[in-house]
Asker: 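Got a structure for you, questions after.
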Amino acid sequence: MFDPPSFSSSPLSAFAIPPFPVLLSSFFFIVMTIILTPYWSKGVQRLKPASPPPEKLRHGLVPSAFNEGVHAERALAQLRGKDQPLEKYIFLSRLKSDDPDLFYKLCLENMAEITPIIYTPTVGDACIKFSHIYRRPEGLWVSIKDKGNIKNVLNNWPRIDEARISVVTDGSRILGLGDLGVNGMGISIGKLSLYVAGAGILPQSTIPICLDLGTNNQAFLEDPFYLGLRQKRVSEQEMDEFMDEFMHEMTQAFPKMMIQFEDFSTDKAFRYLERYRRQYPVFNDDIQGTGAVVLSGLMNAAKLSSAASGMPLNAHRILFFGAGSAGVGVATQLQSFFTLQGLSVEEARRRIWLIDSQGLVYESRGRLAEHKKYFARNDYSGPPMTDILDIIDYVKPTALLGLSTISGAFTPEVLQLMAAINPRPIIFPLSNPVRLSECSFNDAVVNTNGTVLFASGSPFPEQEFVGRVLYPGQGNNMYIFPGLGLGAILSRATQVTDSMVEASSLGLANSLTEEEHAAGLLYPRVERIREISAHIAVQVIRAAQKANVTHSPELAKMDDSQLHALVKRKMWNPSF
Ligand SMILES: *[C@@H]1O[C@H](CO)[C@@H](O)[C@H](O)[C@H]1NC(C)=O
Ligand SMILES: *[C@@H]1O[C@H](CO)[C@@H](O)[C@H](O)[C@H]1NC(C)=O
């Protein structure tokens, strides 16, 4: 009854009516706002006083033996009763709009179970089928047809004053799935749910945005249900003009907004991050978030590795298997590991080696792609070295990182060799999804006699090995972006500087409890995400203050414990 068929059958009509406030009577406003930003309504079952309909309607609408605690159990049982992950996704998406407090309560209490449904891997499936499972608006669509008029589209967002963070995708490279066009909206929605769950960002301050710049996905262009424009992607120049207008209007419409770019194709991801990062508070999770979370895991792994080998931290040697822009992006960020130990940037660069499809990357090998040149070695000039075993023998890395999406590339021989030259080898197969991982946790444990310091991009189960339980690390961006976003918002940062990203990484690395250290973990338990995010946010705010990019002089006067208390106070909690 609160989702009248006349509206729910054509909810997009809400977007078709320009200037929002002018045309709407208060009745329409309430109905529309429920449809557009359903977090204003509470669960129909509970009908909390703040929500429509009015208090006097409550009696008789709530079953007489209704109990909130039992209802949370009921919702969880309903979720678990569905056997297809996509059905679970649809169920949770509906629950989020019906009853956001209950949705987020379940997320927070069942993090490890629910995150893979609302985000990777299931969100990938949901994106592929987004135009088929689509039910109601949950975000803002800005298309190339809006060029010249973007301001008006943004101004249609109903709670414009509360907006603080948006995740923006152009759908051009969704996860490992390629160009999904406007079906990428699922990624923006899912990511923002994690910001809310992970850092208590206010649900109504989030705006998922999907840019429709066409798609080169032929199947979608021919799909009658596809929700986007039936045209190929626009030229780079046209996209630049569109993006310039979009970014400008975003900061006009939402002056307190942090913008997170998500899942742009790699070249565009680097291009637009570089283009806007000194001008607007923008952050790219694929590039900076991944770099930060890997750096954090490496810091903790290197300490354990050095404790076993006696090698100083600044003497570690990192070998990257995979020199695509993702690999090089992470390598670039990992230079901080060494500069934090007092090395110069040049010295840090020398402690990193790359392997691409033709083997070791070195200057005299021949023409190199632009992005590989920075890390190309000039201390080797022999014949091309193509065998990873020969390269390991030559480099003697303490850490081997995989960003190749080549399944099984870290063979038993590779793992055994790493274990032979390191008392505790660092092995990070970072490729997603699981089936493209360079090795499994089990392989790594068995072939290193349990000495491995392991973190992967995708989750692996823990392993028992000669009477001990060993836990894999998962370098999940989820550890970083919620706290980084919260810190940026609270400090009203005008930019997201490298130093803020590095601070988030350090904050994560030193957020482990005694118990987590004792269990040999490289990352804290994700169930503690709120604590971790608060800790990270404080570090990020301090870094923003040092970089002089904040608009929050009052925070500068606080000491760390006051600031920490403020951050925790600012976190939204589900009232359930
Ligand atoms: C494997 O590790 C155990 C201790 O955990 C040690 O006793 C054993 O000698 C090791 N085996 C090899 C082949 O290194
Ligand atoms: C900080 O930024 C403000 C305004 O951008 C500027 O006036 C001030 O001089 C800067 N302070 C420092 C220490 O850089």
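All ligand and atom numbering here is 1-based and tracks the order in the structure.
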Asker: Please identify which of these residues, Phe428, Phe454, Phe460, meets the ring-ring contact (aromatic ring centres under 6.0 Å, His included) condition with Phe441.
Answerer: Phe454
Asker: Donor-acceptor pairs are to be reported for all side-chain atoms of residues 519-527 against protein atoms at under 3.5 Å, with residues two or more places apart or in another chain.
Answerer:
from	atom 1	to	atom 2	distance (Å)
Tyr523	OH	Val293	O	2.5
Tyr523	OH	Gly297	N	3.3
Arg525	NH2	Glu515	OE2	2.9

Asker: For a quick check: using heavy atoms under 4.0 Å, what are the residues in contact with ligand 1, sorted by chain and number?
Answerer: Asn449
Asker: Indicate whether the side chain of Asn510 and that of His535 have a donor and an acceptor atom separated by less than 3.5 Å.
Answerer: yes
Asker: State whether a side-chain donor-acceptor pair under 3.5 Å links Thr411 with Glu413.
Answerer: yes
Asker: Of Thr451, Val445, Val452, which is the lone residue that meets side chain to side chain contact (heavy atoms under 4.5 Å, CB included) with Leu470?
Answerer: Val445
Asker: Under the criterion ring pair (Phe, Tyr, Trp, His ring centres under 6.0 Å), I'd like the reasoning laid out for Tyr362 against Trp353: C-alpha separation, chi angles, the key distance, then a yes or no.
Answerer: CA-CA 9 Å; Tyr362 60 98; Trp353 286 256; over 10 Å; no
